[in-house]
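Notes for the one structure printed next.
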Amino acid sequence: MKSFDEVLLVDDDQANIFLCERLLKGTNKAKHVVAAIDGQEALDFMEKGLRPDLILLDIRMPVMDGFQFLEEFEKMNLPIPVIMLTSSVREEDRKKALSFKNVHEYLEKPLRKATLIALAEEFGR
Amino acid sequence: MTQDFTQVKTLLDASPIAMVISDPMDKVILCNKAACQLLGHKSSELIGKALTPLANELPFDIQASPYQWEDETYTLSTLQPKQTAYPLEEIQERYFALLEGTDAAIAMFSFDGTLRFANSLAAKRLGIDLPELVGKNIMDLFPTPIAVRQIVDIQRVISTGEGHSYESPSTIQGTTFWHRTSIEPVRNASGEITFALLNSIDISQQKTAEFALKESEGRLQLALNGIDLGWWDSNIKTGEIIYNEHWMNLMGFEPGQNMLTVAEMGERIHHEDLPKILGVIFQHFKKRPNHSSYEYRFKNGNGEWKWILDLGKVVEWDSEGRAVRAAGICLDITDRVDINKTLIEQKRLLEQKNEELEEFSYLSAHDLKSPIVSMVALLEHLHLEDIENTEKEELTKVLLQSAHQIQHKIISLNEIIALKKTFPLPSEKIDIENSLKQVIALLGGQISSTKADIQVDFSKSNALYFPPAHFQQILQHVISNSIKFRRENESPKIHLFSIKNSKYVTLVIQDSGTGFDMKKNGDKVFGIFNRFHSKTEGIGAGLYIVYSIMSHYHGKIEIESERGKGTTVTLHFRENHTD
């Protein structure tokens with residue numbers, strides 16, 4: 001059974017952060033969970049040396065959205081998988097997100113237990 | 001004997017003078033070729049006949065002289081046509097034959113109108129047998145008005161010696177015929193004019209064709225004029241283009257002007273359209289299609305620009321394959337082009353509106369869906385899991401936040417929908433300061449709780465034209481944002497002032513708030529539900545509403561902002577706004 005050491009949650013929706021934290025910890029799939037309220041805060045964490053095993057990323061956020069974060073994150077050239085977790089079902093958003101090399105999945109909210117287990121098996125240790 | 005006469009005949013045949021030799025019994029024994037020709041008989045038919053009765057019957061002058069041969073005295077007679085009677089008769093015969101052979105009705109009249117001669121066709125036309133016709137007076141042959149006119153013409157021709165011709169209709173048994181009549185003088189041997197010769201040709205078919213052509217041309221002209229269509233005919237070598245008068249009138253040129261040179265056209269065709277036209281003409285010369293068409297702007301005689309549709313072709317090429325003459329039609333399509341332009345602009349606006357509406361619908365749906373999805377998941381979590389009370393409290397708090405988000409978004413959506421329904425409201429002269437006072441009263445709670453400091457300077461202009469309700473809505477959202485996004489632990493400072501120029505009254509609203517990163521958010525600043533602050537309440541509808549109002553009334557809005565330093569909103573209201 002694989003799991004993550006550290007997962008970075010990037011979402012301005014407090015409810016989603018609350019749910020993901022509970023799920024990750026409740027299933028023992030993450031030892032540590034770090035939450036960033038927007039792309040800028042997430043980027044600040046990364047610049048300060050945060051190296052999670054997985055990033056769960058929303059698209060529509062204030063200050064810096066998911067796409068802007070991915071543009072900056074890509075420049076850091078880190079082999080960290082990013083899973084989009086969003087309410088947007090727009091095809092153009094899905095295509096754009098998957099065009100970033102770190103993005104592996106495009107998931108619709110909310111994150112389900114089964115999906116998380118599958119993600120851990122694929123990207124965890 | 002016979003041989004001797006044969007030799008004589010050979011000699012006589014060589015002579016152009018008609019000669020006959022007769023024996024003492026007056027019998028013809030030899031007749032030369034000229035005589036046979038003159039008498040109209042073969043030599044064999046004449047030999048043996050008595051010469052004297054034959055000669056008396058014929059209109060010849062005969063000069064006889066004795067001719068001595070082998071002791072016999074013969075008579076050598078030379079025959080010459082009588083100087084008067086014979087030539088005239090011959091001429092008459094020839095003329096009769098000629099006159100009968102033509103398809104013209106011919107009649108010859110004397111000065112008093114007596115018909116002296118007519119051909120069969122004339123008799124047929126008049127409906128009288130030819131022998132009965134000669135000797136009748138013209139007054140008996142035609143209805144009086146025609147007869148009088150003809151006798152006057154006849155007498156004038158005989159008096160003056162100058163011919164005359166005319167075309168006239170006549171109705172015979174209900175059918176109208178057209179004739180071309182010419183009256184020419186006839187002179188006698190001494191050159192005196194004795195008769196007038198009437199020559200009448202039936203030109204009914206020609207006239208019918210002419211009338212049909214005229215009628216057709218008339219109809220064509222009516223049709224061209226009816227739809228304001230022009231035609232042109234261009235001599236390519238001289239560079240002259242002839243237009244129909246109606247078209248030139250339509251194009252505002254002076255009456256009587258029906259020509260433009262290629263050089264003049266070059267000056268009147270819009271410079272952007274000229275290369276296109278030259279391209280079409282060049283291709284026409286090269287490929288010789290059935291016709292070529294092009295649209296261009298043309299400066300008419302009044303200096304106005306008109307859109308013209310031209311269809312033309314080269315109608316004549318020279319032996320070396322060069323175009324000589326071209327012709328075509330032209331139509332003023334300015335109205336159609338204007339309508340097209342309006343339709344294209346309306347289509348563009350509709351597409352823009354449609355895109356905006358789609359974006360609005362999508363974002364509204366997305367931003368409402370997002371907290372609802374979270375709420376459902378939270379409720380599932382609350383319901384299914386065995387959780388502690390502290391976690392329950394936390395969960396309820398998060399649930400309440402999501403519920404508030406939905407509530408605020410729905411309120412904003414209602415405001416936006418209601419706002420768009422009110423467009424457009426009539427503009428009125430607004431007292432900016434008074435209007436601001438009303439907004440401050442509405443935001444009283446926010447202002448007092450945050451101790452907001454609002455400074456104003458409307459000395460440059462305190463008036464503008466705008467719908468008052470919408471102006472207040474703008475102020476309310478901009479000032480509310482300035483208060484909402486104030487710096488932590490600081491009272492918001494807001495400075496409002498106005499500027500005026502010839503086109504706009506400009507209202508500037510500066511605050512000392514948190515500001516935001518224009519580089520990252522500049523393109524999203526007026527989008528619905530776009531937020532620029534993560535840790536502050538707000539759902540991102542205020543600037544969208546301000547932008548919607550300003551753009552609807554053709555105003556302008558600019559935003560400058562810097563993180564940590566504040567935001568400046570500049571609103572340009574059109575001066576003398578009349579919408």
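Order of the sequence lines sets the chain letters (A, B, ...), proteins ahead of strands, with each chain counted from 1.
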Original post:
Hey, does A:P62 have a side-chain heavy atom less than 4.5 Å from the side chain of B:F516?
Top reply: no
Subject >> Region of A:Q14 in contact with chain B, defined by heavy-atom distances below 4.5 Å >> reply: both
Original post:
Got a second to check how far A:D12's CG is from B:Q405's CD, nearest 0.5 Å?
Top reply: 7.5 Å
Original post:
Are there more than 12 heavy atoms of other residues, nucleotides or ligands under 6.0 Å from atom NZ of B:K493?
Top reply: no
Subject >> Nearest-0.5 Å distance that lies between atom CD in A:Q40 and atom CZ in B:F532 >> reply: 14.5 Å
**OP:** Check each atom of A:R90 against the heavy atoms of chain B and say whether the ones under 4.5 Å are side chain, backbone, both or neither.
**Re:** both
Original post:
Side-chain contact, heavy-atom cut-off 4.5 Å: A:L19 with B:L378?
Top reply: yes
Original post:
Is it the backbone or the side chain of B:L395 that comes under 4.5 Å from a heavy atom of chain A, or both, or neither?
Top reply: both
Original post:
Has B:R348 got more than 12 heavy atoms of other residues, nucleotides or ligands less than 6.0 Å from its CZ?
Top reply: yes
Original post:
Is it the backbone or the side chain of A:D11 that comes under 4.5 Å from a heavy atom of chain B, or both, or neither?
Top reply: neither
**OP:** Look at atom CD of B:E488 and say whether more than 12 heavy atoms of other residues, nucleotides or ligands are closer to it than 6.0 Å.
**Re:** no
Subject >> Residue pairs involving residues 441-452 of chain B (criterion side chain to side chain donor-acceptor pair (under 3.5 Å); sequence neighbours excluded) >> reply: none
**OP:** Can you establish whether the number of heavy atoms outside B:E490 located under 6.0 Å from its atom CD is more than 12?
**Re:** yes
Subject >> Members of residues 364-375 of chain B whose heavy atoms come closer than 4.5 Å to chain A >> reply: B:H366, B:D367, B:K369, B:S370, B:V373, B:S374
Original post:
Is any side-chain heavy atom of B:H381 less than 4.5 Å from a side-chain heavy atom of A:L23?
Top reply: no
Original post:
Taking it one step at a time, do B:K524 and A:Q68 satisfy side chain to side chain contact (heavy atoms under 4.5 Å, CB included)?
Top reply: CA-CA 12 Å; B:K524 294 189 280 190; A:Q68 287 171 320; 3.4 Å; yes
Original post:
Given a strict heavy-atom distance threshold of 4.5 Å, which part of A:D65 is in contact with chain B: side chain, backbone, both, or neither?
Top reply: both
Original post:
Do B:N530 and A:R60 touch side chain to side chain, with heavy atoms closer than 4.5 Å?
Top reply: yes
Original post:
Heavy-atom distance under 4.5 Å to chain A: side chain of B:K397, backbone, both or neither?
Top reply: neither
